[in-house]
Colleague: 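Take this structure first; my questions come after.
So that the names make sense, note that chain A is the first sequence line, chain B the second, and so on, each numbered from 1.
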Number of protein chains: 2
Amino acid sequence: MTGNLSETRVDATTDMPEEPTQALRFGRARTARSSALQEDYVELIADLMAAHGEARATDIAKRMGVTHPTALKSITRLKREGLVTSRPYRGIFLTEAGQELAQRVRARHRLMVEFLLALGVPAEAAEADAEGMEHYASEATLAAFGRFLGRLRRDI
Amino acid sequence: MTGNLSETRVDATTDMPEEPTQALRFGRARTARSSALQEDYVELIADLMAAHGEARATDIAKRMGVTHPTALKSITRLKREGLVTSRPYRGIFLTEAGQELAQRVRARHRLMVEFLLALGVPAEAAEADAEGMEHYASEATLAAFGRFLGRLRRDI
DNA sequence: ACTGAATTGTACCCTTGGCTACATTAGTCT
DNA sequence: AGACTAATGTAGCCAAGGGTACAATTCAGT
């Protein structure tokens with residue numbers, strides 16, 4: 001109709017073209033999305049290990065709300081990524097890398113939940129939302145959440 | 001090793017089994033993840049319409065940071081879901097439902113960004129994080145964000 | 001030691017969302 | 001009008017993450 005305007009359009013406030021930066025943002029979101037599931041698995045495995053001393057495939061599947069073959073496939077991927085080890089018909093174990101990841105993910109999760117609770121979000125919603133949002137919060141955002149909680153505690 | 005403890009384990013604070021509720025949370029997160037992309041497309045199409053008067057497949061692809069066949073496939077899915085219409089070699093248009101969704105998504109996005117900025121998150125991080133997190137924030141959380149912004153404005 | 005149930009593993013299918021390669025149509029310019 | 005370019009569409013490939021159905025192994029209880 002009007003021809004290609006996209007090459008010449010600029011952002012009103014910055015005088016910079018908007019496409020590349022937005023494409024980068026979406027790209028990062030895609031990357032985060034693809035690691036989100038792995039982070040959830042690793043966190044869950046760490047939880048099960050802490051609670052039961054072991055992480056079994058069926059329990060993982062139950063907790064994830066997924067059939068066991070699906071869980072097994074995801075675990076296979078975790079093995080390939082070096083986050084987890086397992087021998088046939090034996091439990092699942094986190095590698096060094098897996099434990100480090102689990103620790104970071106759990107800290108992030110706790111911070112996220114605490115932050116939402118502090119804002120007045122009901123507990124169940126806070127847990128549910130954190131489960132999704134935590135994977136997309138950058139260090140900058142997590143730091144801001146931390147500062148907020150710090151201020152709250154200081155000002156009582 | 002120690003037999004099946006999963007059926008009997010309970011949450012320390014509530015005395016309720018933890019599996020079902022956690023499975024539900026993960027299920028909801030999965031659902032949100034699957035609609036996230038559609039929401040991004042619809043929002044982007046609305047933006048392009050507002051800026052250029054039309055939404056073309058190539059521009060959508062560029063902005064999403066994706067090749068055009070990928071964008072076309074997603075658009076096909078949007079058509080199937082009744083959010084969008086298009087005729088061969090013509091532009092993409094939002095249906096009623098698509099416009100409504102776009103409006104909700106944009107409002108949510110703006111709220112999210114504004115909230116993060118108010119917390120002191122740098123602009124680029126706020127935009128990037130909002131792109132991911134917005135899809136997982138429940139009404140309760142969005143309401144809490146709104147209250148926070150309201151308090152800020154009132155207390156100057 | 002055996003049997004039956006539970007757990008784990010495997011095979012195969014589906015959809016989504018990426019990609020490349022190629023075909024077709026529309027738009028523009030001489 | 002014709003030719004070139006850009007945009008759109010189509011075909012086919014891949015990996016991830018969901019599922020069912022069935023096979024194999026382990027575990028528990030007699």
Colleague: Identify, with sequence neighbours excluded, every residue that meets ring-ring contact (aromatic ring centres under 6.0 Å, His included) alongside F148(B).
Modeller: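 F148(B) satisfies ring-ring contact (aromatic ring centres under 6.0 Å, His included) with F148(A), F115(B) once adjacent residues are dropped.
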Colleague: Return the 5'-most residue of the pair E81(B), T67(B) with respect to DNA chain C, ranking by each residue's nearest nucleotide.
Modeller: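 Nearer the 5' end of the strand: E81(B).
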Colleague: Which pair of heavy atoms, one from A130(B) and one from H109(B), lies closest together, and at what distance?
Modeller: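 Heavy atoms only, the tightest pair is CB-CE1, 4.2 Å.
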Colleague: What are the two closest non-hydrogen atoms of V42(A) and G98(A), and how far apart are they?
Modeller: CG1-O, 3.3 Å
Colleague: Between R108(B) and E39(B), what is the shortest heavy-atom contact and its length?
Modeller: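 Taking every non-hydrogen atom into account, NH2-OE1, 2.6 Å.
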Colleague: Enumerate, atom names and distances included, each donor-acceptor pair closer than 3.5 Å involving a side-chain atom of residues 78-89 of chain A, sequence neighbours excluded.
Modeller:
residue: K79(A); atom: NZ; partner: S86(A); partner atom: OG; Å: 2.9

Colleague: Which whole-number value in Å describes the distance from I75(A) CD1 to dT7(C) C1'?
Modeller: 12 Å
Colleague: So, is S34(A) close to the dA16(D) phosphate, meaning a side-chain N or O under 4.0 Å from OP1 or OP2?
Modeller: no
Colleague: When the distance from CZ of R33(A) to P of dT16(C) is rounded to whole Å, what number comes out?
Modeller: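 So the CZ-P distance, R33(A) to dT16(C), works out to 14 Å.
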Colleague: Please tell me which of the listed nucleotides, dA7(D), dG18(D), dG18(C), lies nearest to the side chain of Y41(B)?
Modeller: dG18(C)
Colleague: Could I get a table of every N or O pair under 3.5 Å where one atom is in the protein and the other is in nucleotides 9-13 of chain C?
Modeller:
residue: dG9(C); atom: OP1; partner: Y89(A); partner atom: N; Å: 2.9
residue: dG9(C); atom: N7; partner: H68(A); partner atom: NE2; Å: 3.1
residue: dG9(C); atom: O6; partner: H68(A); partner atom: NE2; Å: 3.1

Colleague: Quick one: F26(B) CZ to dG18(D) P, roughly how many Å, whole number?
Modeller: 11 Å
Colleague: Looking at K62(B) and E18(A), is any side-chain nitrogen of the basic one under 4.0 Å from a carboxylate oxygen of the acidic one?
Modeller: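 Result for this pair is no, no salt bridge flagged.
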Colleague: Would you indicate, yes or no, if dA15(D) has its OP1 or OP2 atom less than 4.0 angstrom from a side-chain nitrogen or oxygen of R80(A)?
Modeller: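 Checking R80(A) against dA15(D): no side-chain N or O falls below 4.0 Å of OP1 or OP2.
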Colleague: Minimum heavy-atom separation for R147(A) to L119(B), with atom names?
Modeller: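 Nearest pair, atom of R147(A) first, then L119(B): NH2-O, 3.8 Å.
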Colleague: What nitrogen or oxygen pairs link the protein and nucleotides 1-5 of chain D at under 3.5 Å?
Modeller:
none

Colleague: Taking OP1 and OP2 of dG18(D), is either one under 4.0 Å from a side-chain nitrogen or oxygen of R30(B)?
Modeller: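 Result: yes.
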Colleague: Answer with base, sugar-phosphate or nothing: what part of the nucleic acid does T70(A) contact at a heavy-atom distance below 4.0 Å?
Modeller: base
Colleague: Got a sec, which hydrophobics cluster with L117(A), joining ILVMFWY side chains under 4.5 Å apart, including via others?
Modeller: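 Direct or chained contacts put L117(A) with V113(A).
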Colleague: Rounded to the Å, how far apart are M64(A) CE and dA16(D) P?
Modeller: 16 Å
Colleague: Please confirm whether the shortest side-chain N or O distance from R77(A) to OP1 or OP2 of dA15(D) is below 4.0 Å.
Modeller: no
Colleague: Just the rounded figure in Å: distance from C1' of dA16(D) to CD of Q38(A).
Modeller: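 The distance from CD of Q38(A) to C1' of dA16(D) comes to 10 Å, rounded to the nearest Å.
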Colleague: What's the CD1-P distance between I60(B) and dA6(D), to the nearest Å?
Modeller: 20 Å
Colleague: Under the side chain to side chain contact (heavy atoms under 4.5 Å, CB included) rule, what do R104(A) and L101(A) come out as? Steps first, then yes or no, please.
Modeller: CA-CA 5 Å; R104(A) 268 186 292 134; L101(A) 179 57; 3.8 Å; yes
Colleague: Going by side chain to side chain donor-acceptor pair (under 3.5 Å), name the pairs with one or both residues in residues 114-123 of chain B, residues two or more places apart or in two chains.
Modeller: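 Passing the test, one end in residues 114-123 of chain B: E114(B)-R153(B).
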Colleague: How many whole angstroms separate atom CG of D40(B) from atom P of dG18(C)?
Modeller: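 The answer, rounded to whole Å, is 10 Å.
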Colleague: In whole Å, what is the span from the CZ atom of R28(A) to the P atom of dG18(C)?
Modeller: 16 Å
